[in-house]
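Taking it in order: structure first as structure tokens, then the write-up.
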Amino acid sequence: MNEQNNIPELFLKPYDPAEHEKNIYKIWEDSGYFNPDNLPGERDEAFTIVMPPPNANGSLHAGHGLVFTIEDTMMRFERMRGKKALWLPGADHAGFETQVVYEKKLQKEGRSRFGMDPKDLYNEIMDFTMTNKTFMENQIRELGASCDWSRSLFTLDDRVIKTVYDTFKKLEEDELLYRGARIVNWCPKHQTSLSNLETEHDERTSKFYYFQYGPFVIGTARPETKFGDKYVVMHPEDERYAEYKHGQEIELEWINGPITATVIKDEAGDPEMGSGVMTITPWHSGVDFDIAKRHDLDYEQIIDWRGKLLPIADEFEGMTIKDAREKIVEKLDEKGLLVKIDEEYKNSVPCCYKCSREIEPQIREQWFVKTKPLAEKALEAVVNKEVTFVNERDERVFKHWMENIEDWNISRQVVWGIPIPAKVCSECGHGQVDLEDTITTCEKCEGKMEQDPDTFDTWFSSGQWPLATTGYPDGDDFKDYYPTSTMETGKDIIFFWVARMIMLGLYRTGEVPFKKVYLHGMVRDKKGLKMSKSKGNVTAPSEIQERFGTDALRMGLLVNNAPGNDMNLDPDKINAYKKFANKIWNITRFTLDATSDMDEDATLNDEDAQNIQEHLIAHVTEITKQMNDDRFDMAAENVYHFVWDYFASTLIEESKPLLASEDAGVRASRQRLLTEYLTTSLKVLHPFMPFVTETIWQELPKEMKGQDILMVESWPIV
RNA sequence: GUCCGGUUAGCUCAGCUGGUAGAGCGCCACAUUGACAUUGUGGAGGUCACAAGUUCAAGUCUUGUACCGGACACCA
């Protein structure tokens with residue numbers, strides 16, 4: 001190419017993402033177009049995504065990269081198609097999660113949350129979170145997210161708290177809320193109860209002990225809980241024990257001396273398990289608790305909140321359960337009560353999902369939501385296709401969980417969260433919702449009512465996020481944008497979040513919070529291993545962005561990543577799209593050079609007009625269809641091949657001789673053709689690779705474009 | 001235990017409603033300083049886990065087997 005042509009100087013060197021990305025994002029943000037109120041043209045149909053608010057307690061990880069890439073691609077596509085496109089951003093205080101992060105920080109500083117004034121702790125975590133929030137929001141910008149920052153919301157903002165409190169009150173009024181002493185999952189390290197979803201089960205092999213318990217042999221994996229066991233349970237049909245009657249009392253020698261045991265016949269006794277006889281510890285086992293409730297039996301706490309034995313254990317008092325176990329077995333052995341030990345007992349124990357410490361089931365007064373009625377409605381909405389899942393398998397998983405749902409413990413003994421607006425009686429434990437802070441006397445026993453010191457499970461408030469962000473019940477955005485269009489989030493939080501949003505959204509408004517659910521899979525490392533800080537294989541998006549550019553990262557996350565499947569993040573793959581960005585750059589350079597002397601009146605000849613139909617229109621139509629089908633992976637790959645294999649390798653190559661043609665008409669037609677290809681390609685590429693395409697767009701001659709900003713250009717095909 | 005997946009090129013994975021297989025990376029050969037800190041052309045490499053079935057036709061649908069994984073729930 002000859003030097004005197006006046007193509008922008010920019011194109012004389014390769015595309016350098018770092019040089020342009022910041023400026024480009026500023027152009028978008030300053031334009032005001034992230035806010036749908038400012039978008040050009042008539043826009044009737046809304047397209048809304050509520051962003052999963054990232055936890056404001058650290059940096060973004062690769063998974064976030066995927067969230068923002070998919071959602072931004074959807075947003076840009078729909079915005080270009082003329083929709084009133086609204087992406088509602090936010091940040092999550094992430095209750096327990098953040099408190100755990102902060103506790104680790106305290107630990108490093110040689111401090112501890114215990115013993116701190118809760119208010120001081122709260123304020124410190126608030127500062128920490130706000131700093132992280134700002135940092136994180138800039139990272140979201142760097143990924144190119146075209147969300148409306150003017151509507152940004154934090155999960156501890158007043159509006160959110162108001163929504164949550166109203167729901168809490170309404171639940172009480174509708175008798176869907178109760179405070180009860182029930183078995184909860186207690187983490188002895190973190191000193192809080194956890195929902196079932198916040199525990200994980202660890203498969204392990206442990207010892208299983210058989211002890212002589214009066215005339216029976218009982219089996220247990222947890223001898224340290226057995227001090228208070230005074231009920232012996234067996235199946236009513238078990239003929240081996242037919243001679244023992246329900247309620248019969250038996251004197252027997254036990255760990256710390258003689259006790260009186262009572263025979264209980266209950267179907268929970270499994271004749272196949274061990275000897276078919278068990279003793280129960282209602283305070284520390286859900287199953288035992290249920291049996292005790294059925295027969296109205298006594299409960300007694302054996303293990304304290306820190307995991308140590310209480311005075312009932314006598315000489316073992318104060319020992320941790322781990323230390324006590326062997327010693328108790330020894331003692332029983334000395335007393336001749338140890339029958340045998342099974343060394344190879346396989347069981348799975350519930351553990352805290354954060355610290356992996358064994359969960360100690362405990363009885364505690366907590367707030368519970370009756371979820372069955374809510375789940376039924378949610379299920380109905382899914383069956384009626386008011387909410388659809390992009391992946392059918394997600395729908396099956398969803399239904400299965402909803403059909404087997406249990407009541408939801410929403411109390412947490414955590415400082416960092418939304419305080420529960422309720423009073424609890426210091427005498428009888430009766431609880432009452434109190435939004436106005438007026439209740440002082442117990443309505444049941446006249447006892448003194450005190451503020452519940454607990455906070456809400458963070459998912460209880462997150463579950464109302466689509467309501468809070470749109471300003472239910474009076475906000476304009478609620479009227480204009482609820483139900484929102486698509487909920488895009490990770491498949492790991494389908495129960496934690498998606499299910500709860502559907503339940504609570506339906507409960508408050510009668511309408512589903514979103515019409516479609518797109519669940520993406522997990523991002524793993526190159527070898528397919530889960531990324532974790534302890535493995536040291538965490539890839540920060542920023543790292544990749546620096547090396548390859550944001551557009552390359554986005555393409556690498558999209559291509560070959562079918563919806564819902566896990567994907568492995570491989571830098572080699574990202575590099576391929578860095579090259580692609582440069583290819584687009586050079587296609588532009590070639591086209592601008594070849595058309596710099598183009599006549600404004602240049603028209604397409606028949607052959608070139610036909611080419612547009614056969615190749616350009618055909619490809620864009622196909623890509624549009626794939627976008628409509630939520631196959632961004634296929635659309636992204638398609639656009640890549642169209643631009644590289646057809647536009648660059650075929651069309652440009654075959655244009656070279658025509659551009660040198662003596663026939664001015666042929667030459668002009670080719671110039672027009674290339675211009676069409678360039679502008680259309682940039683538009684179609686834009687949702688996937690917004691930075692490089694917008695950078696180029698800003699350099700194109702005015703006559704080539706409709707809008708000054710590519711982000712608000714019209715999609716080539718309706 | 002219940003429920004979901006997965007098994008396709010050396011590696012990581014696509015392949016939507018059935019018509020004898022694709023991408024990126026890697027590998028080999030050739031060409032080229034051309035819009036391209038390269039790119040282009042060509043190539044090697046796959047009985048699509050296994051078995052049976054439906055069909056004119058099956059990675060693609062059905063059933064079963066093997067191995068790998070995930071979620072949920074329980075355990076005395």
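To find a chain, count down the sequence lines: A is the first, B the second, and so on, and within it residues start at 1.
Nucleic acid contact class of A:K13 (heavy atoms, under 4.0 Å, all strands): none. Residue contacts shown for A:I218 are absent, as no nucleic acid heavy atom lies under 4.0 Å away. As judged by a 4.0 angstrom heavy-atom cut-off over every strand, A:A268 is placed among the base-contacting residues. Across all strands shown, A:G269 has heavy atoms under 4.0 Å from base atoms, whether or not it also approaches the sugar-phosphate. Across all strands shown, A:V287 has heavy atoms under 4.0 Å from sugar-phosphate atoms exclusively, and none from any base. Across all strands shown, A:T591 has no heavy atoms under 4.0 Å from either base or sugar-phosphate atoms. A:D492 comes within 4.0 angstrom of nothing in the nucleic acid, heavy atoms only. As judged by a 4.0 angstrom heavy-atom cut-off over every strand, A:K656 is placed among the base-contacting residues. Residue-level contact check: A:L197 touches the backbone only, with heavy atoms under 4.0 Å from sugar-phosphate atoms and none from bases. At the heavy-atom level, A:F11 lies nowhere under 4.0 Å from the strands shown. Across all strands, A:N582 comes closer than 4.0 Å only to sugar-phosphate atoms, never to a base (heavy-atom distances).
If you find the closest nucleotide of RNA chain B to A:N560 and to A:T279, the one lying nearer the 5' end belongs to A:N560. Position along RNA chain B of the nearest nucleotide to A:V233 versus A:Q626 favours A:Q626 as the more 5'-ward residue.
In this structure, B:C61 forms a base pair with B:G53, meeting either the Watson-Crick or the G-U wobble geometry with both donor-acceptor distances under 3.5 Å. Across all strands shown, B:G1 is found opposite B:C72 as a Watson-Crick or G-U wobble partner, with both distances under 3.5 Å. Pairing of B:U7, defined by two Watson-Crick or G-U wobble distances under 3.5 Å, is identified with B:A66. In this structure, B:A31 and B:U39 make a Watson-Crick or G-U wobble pair, each of the two defining distances being under 3.5 angstrom. The partner of B:G46, taking Watson-Crick or G-U wobble pairs whose two distances both stay under 3.5 Å, does not exist in any strand shown. Applying the Watson-Crick and G-U wobble criteria (two distances, each under 3.5 Å), B:U20 pairs with nothing in any strand.
Checking B:A35, B:C25, B:C4 against every side-chain atom of A:N586, the shortest atom distance belongs to B:A35. With B:C13, B:A71, B:A37 as the choices, the nucleotide that has an atom nearest any side-chain atom of A:N568 turns out to be B:C13. In the set B:A76, B:A14, B:C72, the nucleotide with an atom closest to the side chain of A:T220 is B:A76. Looking at the side chain of A:D270, the nearest of the listed nucleotides B:U2, B:A76, B:A73 is B:A76. Taking every side-chain heavy atom of A:H201 into account, B:C74 is the closest of B:A35, B:C74, B:A37. Considering only the side chain of A:R393, B:C4 comes nearest among B:A35, B:C4, B:A23. Listed nucleotides B:U39, B:A35, B:A37 differ in distance to A:A648; the shortest reach to its side chain belongs to B:A35. Of all nucleotides listed (B:C25, B:A76, B:G15), B:G15 comes nearest to the side chain of A:R631. Side chain of A:A221, nearest nucleotide from B:C16, B:A23, B:A76: B:A76.
Within 3.5 Å, no donor on the side chain of A:K573 pairs with an acceptor on the base of B:C25, nor the reverse. The base of B:A14 is not paired with the side chain of A:D633 by any donor and acceptor separated by under 3.5 Å. In terms of polar N and O atoms assigned as donor or acceptor, the side chain of A:E653 comes within less than 3.5 Å of the base of B:A35 in a complementary pairing.
One side chain, A:W408 or A:D457, offers a donor N or O that lies under 3.5 Å from an acceptor on the other. Between A:N611 and A:Y677, the side chains place a donor N or O and an acceptor N or O closer than 3.5 Å (distance only, hydrogens not considered). Looking at A:E406 and A:T371, their side chains never bring a donor and an acceptor atom within 3.5 Å of each other. For A:K230 and A:T262, the side-chain atoms include no donor-acceptor pair closer than 3.5 Å. Side chain to side chain, A:Y213 and A:E253 fail the donor-acceptor criterion of an N or O pair below 3.5 Å.
Between A:I405 atom CD1 and B:C3 atom C1' the separation is 16 Å, expressed in whole Å. Atom CG of A:L651 is separated from atom P of B:C36 by 18 Å (rounded to the nearest Å). A:K491 has its NZ atom 10 Å from the C1' atom of B:G69, to the nearest Å. If you measure from atom NE2 of A:H284 to atom P of B:C74, you get 18 Å, rounded to the nearest angstrom. Protein atom CG of A:N638 is 16 Å distant from nucleotide atom C1' of B:G24, rounded to whole Å. The distance from atom CZ of A:F398 to atom C1' of B:A71 is 15 Å, rounded to the nearest whole Å. If you measure from atom CE of A:M634 to atom P of B:C13, you get 18 Å, rounded to the nearest angstrom.
Less than 6.0 angstrom separates the ring centroid of A:Y241 from the ring centroid of A:F216.
Distances shown here put a side-chain N or O of A:N565 below 4.0 Å from the OP1 or OP2 atom of B:A14. Phosphate contact (OP1/OP2 of B:G40, side-chain N/O of A:W644, threshold under 4.0 Å): present. Considering only side-chain N and O atoms, A:R396 lies nowhere under 4.0 angstrom from the phosphate OP1 or OP2 of B:A71.
The residue from A:I584, A:I696, A:T695 that alone fulfils the side-chain contact (heavy atoms from CB on, under 4.5 Å) condition with A:Y15 is A:T695.
Spacing between B:G18 and B:C48 at atom C1', rounded to whole Å, works out to 14 Å. Spacing of P atoms, B:U60 relative to B:U17, comes out at 12 Å, to the nearest Å.
Both tests do not hold together for A:R554 against A:Y577: distance to the six-membered ring centre under 6.0 Å, angle to the ring axis within 45°.
By the rule that a glycosidic angle within 90° of 0 means syn, B:G22 does not qualify and counts as anti.
Classified by interplanar angle (parallel below 30°, tilted 30° to 60°, perpendicular above 60°), the ring pair A:F211/A:W254 is perpendicular.
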